[in-house]
Amino acid sequence: MLDIKIIRDNPELVKKACADKNDKADIDAILALDTERRQLLTETEAMRAKQNKASEEIAIVKKAKGDASEAIAAMKEVSKQVGEMTGKVREVEGKLHQAMLRVPNVPHESVPVGPNEEHNVTIREWGKIPKYDFKPAPHWELGEKLDILDLARGAKISGSGFFALKGLGAHLERAMISLMLDYHVDKFGFTEVAVPHIARAEAMTGTGQLPKLADDMYRIESDDMYLIPTAEVPVTNLHREETLNEADLPLKYVSCTPCFRREAGAAGKDTRGILRVHQFNKVEMFKIVEPSTSYNELETLVAQAEGLLQLLNIPYRVRMLATGDLSFAAAKCYDLEIWAAGVENYLEISSVSNYGDFQARRMNCRYRGEDKKLHFVHTLNGSGLALPRLMITILENNQTENGEIIIPEPLRPYMNGLERIR
RNA sequence: GGAGAGGUGGCCGAGCGGCUGAAGGCAGCUGCCUGCUAAGCAGUUAACGGGGUAACUCGUUCCUGGGUUCGAAUCCCAGCCUCUCCGCCA
């Protein structure tokens, strides 16, 4: 959520941000509601002040055992008016709040302006795209042949977009998860957390999934809960409604959770194999930081994700998202895209974002600064990394002509030293 | 799932429906004073919102949301959470 004062004082900036993000939030409506709210509030509070005064006087008279029935009768009418006014104020405040929740974050000034992903900018590239003297197979062929990936039976259980891993396939995923968690914890001092996978509406609102992205999530109707679309939701919300100490910042967490996504708007896109699925595991990195450091922290977080790709020798490129491709809550975001030899394409495997104080404001997460005052924190998160696309790349890039998979060196200790899947 | 208890400021904790935004204690800050291991004394310390250049002022907030009342931390209803006992269970 943005500070209403920014909208009030600088509406053109916010309008431009909405336009750049292809967002239709009605800023003029918000300004009108804000003005209306303040007018009503001034009026109501004056009435309230009168009422409080009168109440005190009644109390004094009563205490002296006097007769206050006349004053009480008079106050009855005032009380009714205050009630009516308060109702109006609440109504306007409610509308304003709902409208505010739908205003996207303002992109950072360093973000390229452009309506879609074609305007994303490649910042750097790493590694060489591998060459083969045979035609590399896509992962769904490799996986089925080695009997480590079962798409048909996944679909039998839950429909298309669900898959099962089997035998060394399941083991390989577990190895990747362990490798990544150890990497973040041992090398970067992140704290591993295991969190709920089902969350309430408040939590979803805190990170910005609700109200705008409701259709992208699975909802459990009987309990009015949502399956998390990313670990970002439960992990960020760990500190919802909390006041932190500046000395404790930055907080750094890493968590592996399943992610559930309806992919409602993505029908027909990337349908083969496990390119785009409704449920997948993801290791997510997360930081709560002091505001002045957040853009530096974003760079180090990207580098941290890149380190994993380098460790696994996966060619990749870093893309800075243009405003039109930036998510609702993000101020700045880098995508990591990896080369997959079988599908012959770059795949998004990580999104690393700085949210500024946008989520902190929604969650009411603040810290007490050295100036003794309360300030909103900044939040960041990034995938480190998403499992299915990592699996795709590892299968496709490390295949041999006869369809075997050479397991990357760093994963072997997690697979009892196994060198090949055959 | 059944029965009961409870949710008050950074923390602990009191609070007959009417100067209680909230006693008291701890912690913090500011003075004063003092030299036996840091004590004593005094003062002070909430957040959010509205108005004002400002001093300041008004309002809201005692888990959340409704209700009763001239007036609610205090009474009633619903929800959320915590604890105890019973049941069920990986």
Side-chain angles (χ1 to χ4, degrees), chain A residues 1-9 30-101 194-206 210 219-226 233-234 237-249 251 258 357-358 360-377:
Chain A
M1 189 150 61
L2 298 180
D3 188 348
I4 182 70
K5 283 174 193 146
I6 289 177
I7 300 181
R8 207 183 279 162
D9 298 341
I30 287 175
L31 289 170
L33 283 168
D34 179 49
T35 306
E36 191 184 354
R37 168 178 174 268
R38 284 189 289 165
Q39 274 168 2
L40 285 170
L41 208 55
T42 306
E43 229 176 295
T44 308
E45 287 182 354
M47 229 185 260
R48 266 253 157 76
K50 212 197 290 175
Q51 187 187 30
N52 289 342
K53 275 245 166 61
S55 260
E56 275 171 36
E57 279 158 22
I58 290 171
I60 291 165
V61 172
K62 283 262 195 180
K63 223 168 204 169
K65 306 272 189 223
D67 178 21
S69 54
E70 203 169 302
I72 288 174
M75 286 315 291
K76 217 162 191 158
E77 187 54 35
V78 176
S79 172
K80 204 176 134 197
Q81 282 174 13
V82 168
E84 281 167 12
M85 286 299 291
T86 307
K88 275 191 212 164
V89 171
R90 285 230 190 131
E91 195 188 320
V92 171
E93 266 175 354
K95 276 190 202 161
L96 179 61
H97 185 69
Q98 284 309 311
M100 290 288 290
L101 286 177
V195 291
H197 302 161
I198 303 176
R200 290 204 176 131
E202 293 98 294
M204 291 295 175
T205 306
L210 286 179
R219 175 158 169 258
I220 301 168
E221 198 151 351
S222 56
D223 297 279
D224 198 20
M225 307 259 276
Y226 297 84
V233 174
N237 276 284
L238 283 173
H239 295 288
R240 185 159 56 94
E241 304 286 347
E242 285 187 19
T243 300
L244 306 168
N245 292 316
E246 183 164 359
D248 296 333
L249 301 180
L251 290 171
D357 65 5
F358 190 82
R361 219 174 265 286
R362 288 174 164 246
M363 293 194 302
N364 196 26
C365 177
R366 297 176 296 177
Y367 72 97
R368 197 169 290 281
E370 276 169 13
D371 57 2
K372 304 275 184 229
K373 290 200 174 140
L374 295 170
H375 307 277
F376 288 109
V377 298

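The nearest whole Å value for the distance from the NE2 atom in A:H97 to the P atom in B:G65 is 12 Å. A:E93 places its CD atom 10 Å from the C1' atom of B:G50, with the value rounded to the nearest Å. In this structure, A:L374 places its CG atom 17 Å from P of B:U45, rounding to the nearest Å. For the pair A:I72 CD1 and B:G71 C1', the interatomic distance rounds to 9 Å; values are reported in whole Å. One can place CZ of A:R37 at 11 Å from C1' of B:U60, the figure rounded to the nearest angstrom. Spacing between atom CE of A:M75 and atom P of B:G17 amounts to 22 Å, rounded to whole angstrom units. Distance A:M47 CE to B:C70 P: 17 Å, rounded to the nearest Å.
When the nucleotides B:C70, B:G59, B:G18 are ranked by their closest atom to the side chain of A:A59, B:G18 comes out on top. Of the candidates B:C70, B:C81, B:G49, the closest approach to any side-chain atom of A:L41 belongs to B:G49. Nearest to the side-chain atoms of A:A49 among the listed nucleotides B:G59, B:A47, B:C70 stands B:G59. Checking B:G50, B:C80, B:C58 against the side-chain heavy atoms of A:R8 singles out B:G50 as nearest. Nearest nucleotide to the A:E45 side chain, out of B:G71, B:A47, B:G50: B:G50. Proximity note for A:R38 (side chain, C-beta onward) versus B:C70, B:U60, B:G50: the nearest is B:G50. Set against B:C70, B:C81, B:G50, the side chain of A:K76 has B:C70 as its closest nucleotide.
Distance noted for atom C1' between B:A27 and B:C19: 28 Å (whole Å). Separating the C1' atom of B:U61 from that of B:U74 is a span of 16 Å, rounded to the nearest Å. The gap from the P atom of B:G25 to that of B:U44 amounts to 13 Å, rounded to the nearest Å. Across the P atoms, B:C63 and B:A14 are found 14 Å apart, a figure rounded to whole Å. Taking the P atoms as reference points, B:U84 lies 43 Å from B:G59, given to the whole Å. For the P atoms, the distance linking B:U45 with B:C56 amounts to 12 Å, nearest Å. Comparing the C1' positions of B:C16 and B:C86 gives an interatomic distance of 37 Å, to the nearest angstrom.
Put simply, CZ on A:R48 and OG on A:S79 are 9.0 Å apart, with the number rounded to the nearest 0.5 Å. Taken from CD1 in A:I30 to CD1 in A:I4, the straight-line distance is 6.5 Å, to the nearest 0.5 Å. One finds the CZ atom of A:R362 at 12.5 Å from the CZ atom of A:F376 (value rounded to the nearest 0.5 Å). With values rounded to the nearest 0.5 angstrom, A:T86 atom OG1 is found 10.0 Å from A:E45 atom CD. Remark: A:L33 CG to A:M100 CE distance equals 10.5 Å, nearest 0.5 Å.
No contact: A:I60 has no heavy atom under 4.0 Å from any strand.
Pairing of B:C62, defined by two Watson-Crick or G-U wobble distances under 3.5 Å, is not identified with any nucleotide. Across all strands shown, B:G87 forms no Watson-Crick or G-U wobble pair with both distances under 3.5 Å. Checking B:A27 for Watson-Crick or G-U wobble geometry (two distances, each under 3.5 Å) identifies B:U45 as its partner. Of the nucleotides present, B:C32 is the one that pairs with B:G40 by Watson-Crick or G-U wobble criteria, both distances under 3.5 Å. Across all strands shown, B:U20 remains unpaired; no Watson-Crick or G-U wobble contact has both distances below 3.5 Å. Across all strands shown, B:A5 forms a Watson-Crick or G-U wobble pair with B:U82, both key distances being under 3.5 Å. Summarising the base pairing, B:G71 is matched to no nucleotide, lacking a Watson-Crick or G-U wobble pair whose two defining distances lie under 3.5 Å.
Across all their heavy atoms, A:R361 and A:M1 have their closest contact at CD-O, 2.9 Å.
Contact annotation: A:K62 side-chain N/O to B:G18 OP1/OP2 distance is not under 4.0 Å. Within the 4.0 Å cut-off from OP1 or OP2 of B:G71, not a single side-chain nitrogen or oxygen of A:N52 is found. Distances shorter than 4.0 Å separate none of the side-chain N or O atoms of A:N364 from OP1 or OP2 on B:A47. Under 4.0 angstrom from either OP1 or OP2 of B:G71 there lies at least one side-chain N or O belonging to A:S79.
Across the interface with RNA chain B, nearest-nucleotide mapping of A:R90 and A:R368 shows A:R368 to be the residue nearer the 5′ end.
Taking a cutoff of 4.0 Å between a charged side-chain nitrogen and a carboxylate oxygen, A:R8 and A:D3 do not qualify as a salt bridge. A salt bridge does not link A:K53 to A:E57: none of the charged side-chain nitrogens sits closer than 4.0 Å to a carboxylate oxygen.
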